[in-house]
Chemist: 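Pasting a structure below so you can have a look.
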Amino acid sequence: MRLGASAGVDQTAVRRANLARVLDEVRRGEVVSRADIATSSKLTKATVSSLAAELIDRGLIRETGLRRDGAVGRPGRSLELDGGGITALGLEINSQYLAARGTDLAGRVIVERRIGFDAMRADPETTLDRLAAIAREAVTELAGTRSSSLAGIAVAVPGLVDAETGRVRYAPNLEWRSIPIADALRERLGGDVPIVVDNEANLSALAELHSMTPPAADLVYLTGEVGVGAGLITGGRLLRGSGGFSGEIGHVPVDLDGQVCGCGRRGCLETKIGLPAVLRAAAPDLADQDVDPQEQAHALRRRAEDGGPEAMAGFDEIGRWLGIGVSMLVNLLNPEVVVLGGYLGTVAPYLVPAAMRELRDRSVAGDAAVCRITASTYGFSAAVRGASSIVIEEIFHDPLRIPAAEKAVG
């Protein structure tokens with residue numbers, strides 16, 4: 001009995017891996033034939049045909065026009081992703097806004113929205129009510145594209161997240177403790193769609209990783225909004241730590257006589273390079289304005305472009321502290337690249353020179369370990385992009401997650 005059960009599990013694992021292999025070949029080739037896949041994957045043509053039929057049955061790929069692969073023989077039908085049949089929804093809770101992004105399997109954006117919302121002043125129930133309302137609207141729009149199936153929902157949150165349970169353990173700037181976000185959304189939305197929750201920096205790091213050609217094996221993504229956090233990629237994989245709480249660089253103390261941080265401690269890096277800090281240093285007249293952080297970032301960029309002495313001195317000071325923070329990450333992790341997100345990415349050209357000077361002075365391994373610092377590709381949308389993409393990536397990793405179409409009887 002044990003041998004039989006083990007063999008069954010092994011056969012399922014092999015089929016899952018082969019389905020994922022064929023699906024990835026279709027994705028990378030955009031439009032390919034069964035013969036193309038057999039050649040590149042080293043699988044037999046019969047195996048590829050069987051796997052392709054199953055992927056078609058699951059609504060993941062479809063046949064398209066006839067294609068002749070050689071001078072003789074019958075032309076075969078090419079294969080491409082059946083993008084519209086499967087969709088994914090990413091959501092983001094930020095201190096000053098909520099966002100949603102829905103895509104199909106091919107990554108085409110179907111719905112994208114972002115609304116101003118002060119989650120720092122709202123209680124968790126109100127925030128989750130509003131997020132659920134946005135999610136319902138997005139799901140309705142996704143369903144209207146075709147007879148599509150929602151594969152899952154992922155939520156990006158600025159705090160310590162237990163990804164296994166979908167619970168936020170602690171979000172300092174929101175003053176949230178032990179909030180069961182996945183369960184709360186499930187209750188509000190109904191249905192049985194899988195819901196996962198993760199830290200915004202982790203999801204942003206994954207979004208940036210997938211945007212690179214070739215991807216960086218070792219990458220650090222730094223958020224730059226009210227809070228500061230890090231998403232860590234090592235060996236091409238997300239580094240979570242034993243409890244899933246890695247990356248809280250913003251709450252590493254760098255100035256014991258500094259300001260009190262949102263976490264209750266004094267002199268954290270976040271108090272030196274978070275958005276409120278740069279506004280105080282480079283544009284104090286903007287510091288008390290209750291506006292969207294993306295608008296504030298663009299206002300900061302304009303101040304930098306104008307070249308006023310107060311702004312330039314402020315950016316130089318923030319860049320210095322940024323370099324101190326990056327040097328810690330470089331000395332610990334030796335990344336290939338540090339990606340600046342949020343406002344940090346918007347004003348990166350005015351921060352990076354001072355940051356690099358500080359990094360060179362503080363890198364224990366010297367110039368050999370000094371990495372490049374670059375602006376985010378996606379800016380303020382990185383986290384919600386990462387949220388939608390992890391749902392899609394999970395399908396490519398395990399196509400068996402998507403049920404096969406029921407066969408008609410009679």
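Numbers here simply count residues along the sequence, with the first being 1. Just so it is clear, the structure is predicted and the values come from calculations on it, not from any experiment.
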Chemist: Would you say V339 and V220 make side-chain contact, with heavy atoms under 4.5 Å?
Modeler: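 They are not in contact (no side-chain heavy atoms under 4.5 Å apart), so the answer is no.
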Chemist: Going by the angle between their ring planes, with limits at 30° and 60°, are F380 and Y97 parallel, tilted or perpendicular?
Modeler: perpendicular
Chemist: Do I93 and I181 touch side chain to side chain, with heavy atoms closer than 4.5 Å?
Modeler: yes
Chemist: Thinking salt bridges, do E317 and R320 make one under a 4.0 Å N-O criterion?
Modeler: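 Counted as a salt bridge, because a side-chain N and a carboxylate O are separated by less than 4.0 Å.
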Chemist: Could you tell me whether R186 and D183 have a side-chain N and a carboxylate O separated by less than 4.0 Å?
Modeler: yes
Chemist: Is any side-chain N of the basic residue among R21 and D24 closer than 4.0 Å to the acidic one's carboxylate O?
Modeler: no
Chemist: Answer yes or no: does atom CZ of R265 have more than 12 heavy-atom neighbours from other residues, nucleotides or ligands under 6.0 Å?
Modeler: no
Chemist: Output yes when a side-chain donor or acceptor of S388 lies under 3.5 Å from a complementary backbone atom of G90, and no otherwise.
Modeler: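 Side chain of S388 to backbone of G90, a donor-acceptor pair under 3.5 Å: no, none is there.
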Chemist: Does atom CD of E175 have more than 12 heavy-atom neighbours, drawn from other residues, nucleotides or ligands, at distances under 6.0 Å?
Modeler: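 Open.
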Chemist: Under the salt bridge (charged side-chain N to carboxylate O under 4.0 Å, His left out) criterion, do E92 and R114 qualify, and how do the steps go?
Modeler: CA-CA 9 Å; E92 180 184 1; R114 186 170 180 272; over 6 Å; no
Chemist: Is there a side-chain contact between L185 and L91 (heavy atoms, below 4.5 Å)?
Modeler: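 Of all side-chain heavy-atom pairs linking L91 with L185, at least one is under 4.5 Å.
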Chemist: Does R113 have more than 12 heavy atoms from other residues, nucleotides or ligands lying within 6.0 Å of its CZ?
Modeler: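 Counting other residues, nucleotides and ligands, CZ of R113 exceeds 12 neighbours.
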Chemist: Check for a donor-acceptor pair, side chain of S363 on one end and backbone N or O of R360 on the other, with a separation under 3.5 Å.
Modeler: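 Here the side-chain-to-backbone pair does not exist.
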Chemist: Compare all side-chain heavy atoms of I179 with those of L174 and state whether any distance is below 4.5 angstrom.
Modeler: no
Chemist: Closer than 4.0 angstrom, basic N to acidic O: yes or no for R136 and E141?
Modeler: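 Between E141 and R136 there is no salt bridge, as every charged N stays at least 4.0 Å from the carboxylate O atoms.
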Chemist: Taking everything shown except E137 itself, do over 12 heavy atoms lie less than 6.0 Å from its CD?
Modeler: yes
Chemist: Give a yes or no on whether a salt bridge exists between D162 and R167, defined as a side-chain N under 4.0 angstrom from a carboxylate O.
Modeler: no
Chemist: Carefully, step by step, assess D306 and R303 under the rule salt bridge (charged side-chain N to carboxylate O under 4.0 Å, His left out).
Modeler: CA-CA 5 Å; D306 290 341; R303 292 293 174 90; 5.5 Å; no
Chemist: Is there a side-chain contact between R34 and K45, using heavy atoms and a 4.5 Å cut-off?
Modeler: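 Heavy-atom side-chain distance check fails, nothing below 4.5 Å.
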Chemist: Start with the C-alpha distance between T44 and T47, add both sets of side-chain angles, then the distance that settles side chain to side chain donor-acceptor pair (under 3.5 Å), and finish with yes or no.
Modeler: CA-CA 5 Å; T44 67; T47 299; 2.7 Å; yes
Chemist: Hey, mind stepping through E25 and S41 against side chain to side chain donor-acceptor pair (under 3.5 Å) and telling me if it holds?
Modeler: CA-CA 8 Å; E25 291 286 345; S41 68; 5.6 Å; no
Chemist: Using modelled atom types and a 3.5 Å cut-off, is there a donor and acceptor pairing between side-chain atoms of S381 and backbone atoms of Y378?
Modeler: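 Side chain of S381 to backbone of Y378: a pair is present.
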Chemist: Side-chain contact test, heavy atoms from C-beta onward, threshold under 4.5 Å: evaluate it for E225 versus Y343 and give yes or no.
Modeler: no
Chemist: Which is it for D129 and T126 under the side chain to side chain donor-acceptor pair (under 3.5 Å) test, yes or no, and what are the steps along the way?
Modeler: CA-CA 5 Å; D129 285 343; T126 300; 5.4 Å; no
Chemist: Any Lys/Arg nitrogen of E54 or R16 sitting under 4.0 Å from an Asp/Glu carboxylate oxygen of the other?
Modeler: no
Chemist: Between E393 and R27, is the salt bridge (charged side-chain N to carboxylate O under 4.0 Å, His left out) condition met? List the steps.
Modeler: CA-CA 11 Å; E393 290 302 318; R27 172 165 65 165; 2.9 Å; yes
Chemist: When rounded to the nearest 0.5 angstrom, what distance separates CD1 in I373 from CG in L344?
Modeler: 10.5 Å
Chemist: With a 3.5 Å distance limit and no angle check, can you tell me whether N331 reaches the backbone of V364 through a side-chain donor-acceptor pair?
Modeler: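 Such a contact is found between N331 side chain and V364 backbone.
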Chemist: Looking at G229, is its backbone amide N or carbonyl O close enough to the side chain of T223 to form a donor-acceptor pair, meaning the two atoms are under 3.5 Å apart?
Modeler: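 The answer is yes, because a donor-acceptor pair under 3.5 Å joins these two groups.
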Chemist: R101 versus L89: any side-chain heavy-atom pair under 4.5 Å?
Modeler: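 The answer is no; the side chains never approach within 4.5 Å.
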Chemist: Would L60 and D82 satisfy side-chain contact (heavy atoms from CB on, under 4.5 Å), going step by step from the backbone distance to the final call?
Modeler: CA-CA 5 Å; L60 297 173; D82 189 5; 6.0 Å; no
Chemist: Which pairs would a plain distance check flag for residues 231-241, meaning a side-chain donor or acceptor within less than 3.5 Å of a matching protein atom at least two apart in sequence or in another chain?
Modeler:
unit_1 : atom_1 : unit_2 : atom_2 : d
R240   : NH1    : D198   : OD1    : 3.2
R240   : NH1    : D198   : OD2    : 3.1
R240   : NH2    : D198   : OD2    : 2.6

Chemist: Below 4.0 angstrom, N of the basic side chain to O of the carboxylate: do R188 and E125 qualify?
Modeler: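 Yes.
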Chemist: Given side chains that start at C-beta, do those of E208 and S376 come closer than 4.5 Å, heavy atoms only?
Modeler: yes
Chemist: Could you tell me whether the side chain of D57 and the main chain of A404 form a donor-acceptor pair under 3.5 Å?
Modeler: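 Judged by distance alone, no pair lies under 3.5 Å.
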Chemist: Could you point out which residue of K272, R280, E270 forms a side chain to side chain contact (heavy atoms under 4.5 Å, CB included) with Q259?
Modeler: R280
Chemist: When you measure from the centre of the six-membered ring of F245, is the NZ or CZ of R169 closer than 6.0 Å and no more than 45° off the axis?
Modeler: no
Chemist: Please confirm whether the backbone N or O of A311 pairs with a side-chain atom of D316, one donor and one acceptor, at under 3.5 Å?
Modeler: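 Not confirmed, D316 side chain does not pair with A311 backbone.
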Chemist: Identify which one of T103, I110, D104 satisfies the side chain to side chain contact (heavy atoms under 4.5 Å, CB included) criterion when paired with L142.
Modeler: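 One option only clears the test, and that one is I110.
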Chemist: Evaluate D36 against T39 for side chain to side chain donor-acceptor pair (under 3.5 Å), listing each step before the verdict.
Modeler: CA-CA 5 Å; D36 292 333; T39 299; 6.0 Å; no
